Peer 1: 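Pasting a structure here, questions to come.
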Amino acid sequence: MAFLKEPDYSHGKLVKTAVVLINLGTPDAPTPSAVKRYLKQFLWDQRVVEIPRAIWWMILHLIILPFRSKKSAEKYATIWTNEGSPLLVHTRKQAMLLKGYLGERGHEVNVVHAMRYGSPSIPDVLNQLKTEGYDRILILPAYPQYSATTTASNFDAVAQHYQQTRNVPELRFIKHYHDHPSYILALKNKILQSWEQNGKPEKLVMSFHGLPKAFLMRGDPYHCECYKTARLLAEQLGLSKEDYVVTFQSRLGRAEWLQPYTEPTVQALAKQGVKRIDVVCPGFLADCLETLEEIAMEVRQAFLTAGGQSFHYIPCLNESPDGLRALAEITEQHLIGWPTMMTNSMKEEEKQQALISRAEAKRLGAAQ
Ligand SMILES: C=CC1=C(C)c2cc3[nH]c(cc4nc(cc5[nH]c(cc1n2)c(C)c5CCC(=O)O)C(CCC(=O)O)=C4C)c(C)c3C=C
Ligand SMILES: [Fe+2]
Ligand SMILES: [Fe+2]
């Protein structure tokens with residue numbers, strides 16, 4: 001009888017393991033209808049907007065969706081690439097490379113990407129892994145700093161998915177890595193690389209995505225984790241308090257969000273006579289609308305219009321070897337007790353895929 005069949009694993013035996021890199025999500029196209037579909041799912045999440053549902057439904061459907069979808073679609077169009085939305089393109093490549101980096105370190109795990117909103121969706125990805133026989137799942141949120149709005153929302157989506165599943169796999173969930181030495185080192189190297197090419201700024205602006213201030217007051221640790229990342233990074237770079245400033249971007253709506261806000265801060269710096277600033281966004285693993293459009297275009301313009309002379313945007317870690325090495329080390333620490341190596345249960349095409357990822361990771365410097 002099927003239900004009495006012994007499972008094809010037991011303690012000490014190898015079990016197929018997969019890491020799921022989950023990022024926020026992005027529209028399928030830079031069009032008002034695609035952006036509307038994405039925003040509708042995103043902004044209906046109670047982890048993101050805590051306003052009572054009936055009131056929020058009216059605001060969302062009557063004001064936000066009709067106006068913001070069109071405006072945001074125009075912004076997305078300015079950053080869209082031949083391969084698609086930058087956030088999706090980078091996240092997909094990061095997952096592929098992370099698999100290779102982990103393989104090089106002796107962990108033969110699968111690494112796939114999923115999006116909290118939009119596609120590939122978390123349920124689709126987890127279903128696919130189940131079909132392929134993965135019975136150990138490690139969730140790696142693409143957010144170094146924990147926030148209920150992002151990290152806990154990923155957790156909700158994963159937990160909700162498995163509510164519909166009888167045979168739930170072993171699950172692990174990485175909470176944060178805002179102070180992980182290899183993540184800080186990767187950021188430091190990215191900044192030093194930019195300074196070697198372009199020289200140093202008078203002020204380094206570290207801009208993080210914002211949140212309503214009320215979420216901090218209710219206990220969300222995000223704000224503290226951003227400041228810890230910034231302090232560790234400044235220490236590593238040998239910066240004094242006068243050399244850098246922490247700011248928060250991407251405010252939405254009229255309520256107060258975490259301060260100081262990025263754009264007014266850079267305008268004030270320009271008015272105080274600061275001629276050259278660099279902006280880095282350590283909270284984003286991958287470049288996206290919020291960095292490429294909001295920071296590298298809008299905030300740049302605001303600084304230059306207010307009298308600034310030179311503005312450099314320092315890109316996110318994206319596919320940089322240091323960034324991937326950091327993700328590999330962080331992941332590795334959470335694989336302890338889950339022995340992973342090339343198993344006989346891996347299908348031929350899975351083995352082939354693992355070898356391709358490793359070759360690409362090696363080419364990018366994983367073995368250094
Ligand atoms: C109430 C609104 C929002 C909260 C809270 C929020 C938190 C939050 N977001 C990120 C990361 C990203 N946000 C991105 C886009 C984006 N964010 C909001 C709103 C809130 N975010 C909106 C409406 C949008 C869509 C774009 C727009 O219309 O302005 C993105 C980029 C997505 C892309 O497609 O490129 C990221 C990444 C974090 C880390 C965070 C809290 C810590
Ligand atoms: Fe956001
Ligand atoms: Fe924005």
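Here the structure is a predicted model, which means the values were calculated and not measured. We count ligands from 1, going down the list as the structure has it; atoms in each ligand are counted the same way.
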Peer 1: Decide yes or no for F284 and P144: does some side-chain heavy atom of the first lie under 4.5 Å from some side-chain heavy atom of the second?
Peer 2: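 Answer no - side chains too far apart.
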
Peer 1: Please tabulate, one pair per line, all N/O donor-acceptor pairs under 3.5 Å involving side-chain atoms of residues 204-211, not counting sequence neighbours.
Peer 2:
from, atom 1, to, atom 2, distance (Å)
S207, OG, Q249, OE1, 2.7
S207, OG, T262, OG1, 2.8

Peer 1: Of the options N23, L24, D45, which is the one that meets R116 in a side chain to side chain contact (heavy atoms under 4.5 Å, CB included)?
Peer 2: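 For R116, the side chain to side chain contact (heavy atoms under 4.5 Å, CB included) check succeeds only for D45.
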
Peer 1: Taking non-hydrogen atoms only, is V48 closer than 4.0 angstrom to ligand 1 via side chain, backbone, both or neither?
Peer 2: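 The answer is both, backbone and side chain.
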
Peer 1: Can any side-chain N or O of D220 pair as donor or acceptor with the backbone N or O of Y222 at less than 3.5 Å?
Peer 2: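 Flag set: sc D220 to bb Y222 pair under 3.5 Å.
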
Peer 1: Looking only at heavy atoms, is any part of L24 under 4.0 Å from ligand 1, and if so is it the side chain, the backbone, or both, or is it neither?
Peer 2: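 Looking at L24 and ligand 1, just side chain atoms fall under 4.0 Å.
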
Peer 1: Can you tell me if Y38 uses its side chain to pair, donor with acceptor, with the backbone of G25 under 3.5 Å?
Peer 2: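 Indeed, once roles are kept as given, a pair shorter than 3.5 Å links the two residues.
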
Peer 1: If you measure from each non-hydrogen atom of S72 to ligand 1, which part falls under 4.0 Å: side chain, backbone, both or neither?
Peer 2: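 Contact part for S72 vs ligand 1: side chain (C-beta onward).
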
Peer 1: Quick test of your reading of the structure: of H223, H209, K75, whose heavy atom lies closest to atom 7 (C) of ligand 1?
Peer 2: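 Selected option, by shortest heavy-atom distance: H209.
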
Peer 1: Heavy atoms only: give me the nearest G307-K275 pair and the separation to one decimal.
Peer 2: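 G307 and K275 have their closest heavy atoms at O-NZ, 3.9 Å.
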
Peer 1: Within the side chain of R37, is there an N or O that forms a donor-acceptor pair under 3.5 Å with the backbone of Q41?
Peer 2: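 No, R37 side chain to Q41 backbone: no donor-acceptor pair under 3.5 Å.
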
Peer 1: Suppose we measure from atom 15 (C) of ligand 1 to each protein heavy atom; which comes out shortest, and what is that distance?
Peer 2: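 Checked against all protein heavy atoms, atom 15 (C) of ligand 1 sits closest to E290 CD, 3.7 Å.
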
Peer 1: Enumerate, atom names and distances included, each donor-acceptor pair closer than 3.5 Å involving a side-chain atom of residues 188-197, sequence neighbours excluded.
Peer 2:
from, atom 1, to, atom 2, distance (Å)
N189, ND2, D322, OD2, 3.3
S194, OG, N198, ND2, 3.4
W195, NE1, D278, OD2, 2.9

Peer 1: Only heavy atoms count here, so choose which of Y76, F208, Y38, Y117 is nearest to atom 33 (C) of ligand 1.
Peer 2: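 Answer by nearest heavy atom: Y76.
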
Peer 1: To which protein heavy atom is atom 41 (C) of ligand 1 closest, and what is the distance rounded to 0.1 Å?
Peer 2: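 In this structure, atom 41 (C) of ligand 1 has T149 OG1, 3.4 Å as its nearest protein heavy atom.
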
Peer 1: If you look at E294, which of its N/O/S atoms is nearest to the Fe ion (ligand 3)?
Peer 2: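 Minimum-distance N/O/S atom of E294 relative to the Fe ion (ligand 3) is OE1.
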
Peer 1: In a check of side chain to side chain donor-acceptor pair (under 3.5 Å) between D156 and each of H161, R47, Q46, which one passes?
Peer 2: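 With D156 as partner, side chain to side chain donor-acceptor pair (under 3.5 Å) holds for just one option, R47.
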
Peer 1: So S240 and E242, side-chain hydrogen bond (donor to acceptor under 3.5 Å, both in side chains) or not? Walk me through it.
Peer 2: CA-CA 5 Å; S240 70; E242 293 69 45; 3.2 Å; yes

Peer 1: Tell me whether S357 contacts the main-chain N or O of M96 through its side chain, where contact means a donor paired with an acceptor under 3.5 Å.
Peer 2: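 Yes: the side chain of S357 pairs with the backbone of M96.
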
Peer 1: For the pair D243 and K203, find out whether any cationic side-chain nitrogen is under 4.0 Å from an anionic carboxylate oxygen.
Peer 2: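 Judged by the 4.0 Å cut-off on N to carboxylate O distance, D243 and K203 do not form a salt bridge.
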
Peer 1: Is the shortest side-chain heavy-atom distance between F42 and V49 below 4.5 Å?
Peer 2: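 F42 vs V49: side chains apart.
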
Peer 1: For the 3.5 Å polar cut-off, considering only N or O atoms, please tell me whether P27 and ligand 1 meet it.
Peer 2: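 P27 vs ligand 1: no N/O contact under 3.5 Å.
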
Peer 1: Measure the distance from atom 35 (O) of ligand 1 to every protein heavy atom, then report the residue, atom name and distance (to 0.1 Å) of the closest one.
Peer 2: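 Going by distance alone, atom 35 (O) of ligand 1 is nearest to L289 N, 2.9 Å.
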
Peer 1: Could you check whether any side-chain N or O of R251 sits under 3.5 Å from a backbone N or O of R254, counting only pairs where one atom can act as donor and the other as acceptor?
Peer 2: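 Indeed, once roles are kept as given, a pair shorter than 3.5 Å links the two residues.
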
Peer 1: Any idea which protein heavy atom is nearest atom 29 (O) of ligand 1, and the distance to it?
Peer 2: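 So the nearest neighbour among protein heavy atoms is R68 NH2, 2.7 Å.
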
Peer 1: Is it the side chain (CB and beyond), the backbone, both or neither of V35 that lies under 4.0 Å from ligand 1, heavy atoms counted?
Peer 2: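 It is neither part, as no heavy atom is under 4.0 Å.
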
Peer 1: Which bit of Q145 is near ligand 1, meaning a heavy atom under 4.0 Å away: side chain, backbone, both or neither?
Peer 2: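 No part of Q145 is near ligand 1 at this cut-off.
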
Peer 1: Which protein heavy atom lies closest to atom 17 (N) of ligand 1, and at what distance to 0.1 Å?
Peer 2: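 That would be F42 CE2, 3.4 Å.
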
Peer 1: Which residue holds the protein heavy atom closest to atom 23 (C) of ligand 1, what is that atom called, and what is the gap in Å?
Peer 2: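 The closest one turns out to be L252 CD1, 3.5 Å.
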
Peer 1: No waters, cut-off 2.8 Å: how many protein N, O or S atoms are close to the Fe ion (ligand 2)?
Peer 2: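 With waters ignored, the protein N/O/S count below 2.8 Å is 1.
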
Peer 1: What atoms of ligand 1 come closer than 4.0 angstrom to any heavy atom of Y222?
Peer 2: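 In order of number, 42 (C).
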
Peer 1: As a test of understanding, state which of R363, K362, R358 forms a side chain to side chain contact (heavy atoms under 4.5 Å, CB included) with E360.
Peer 2: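 Of the listed options, the one satisfying the test is R363.
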
Peer 1: Which is closest to atom 40 (C) of ligand 1 by heavy-atom distance: L43, V49, T150?
Peer 2: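 The nearest heavy atom belongs to T150.
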
Peer 1: Please confirm whether A142 approaches ligand 1 to less than 4.0 Å, judged on its heavy atoms.
Peer 2: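 No heavy atom of A142 comes that close to ligand 1.
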
Peer 1: Heavy atom of W257 under 4.0 Å from ligand 1?
Peer 2: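 Under 4.0 Å: yes for W257.
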
Peer 1: Sequence neighbours left out, what pairs pass ring pair (Phe, Tyr, Trp, His ring centres under 6.0 Å) with at least one residue falling in residues 232-275?
Peer 2: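 Pairs touching residues 232-275 that pass the test: H223-F248.
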
Peer 1: Should the proximity of N23 to ligand 1, defined as any heavy atom under 4.0 Å, be assigned to the side chain, the backbone, both, or neither?
Peer 2: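 Near ligand 1, N23 shows nothing, with every heavy atom at 4.0 Å or more.
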
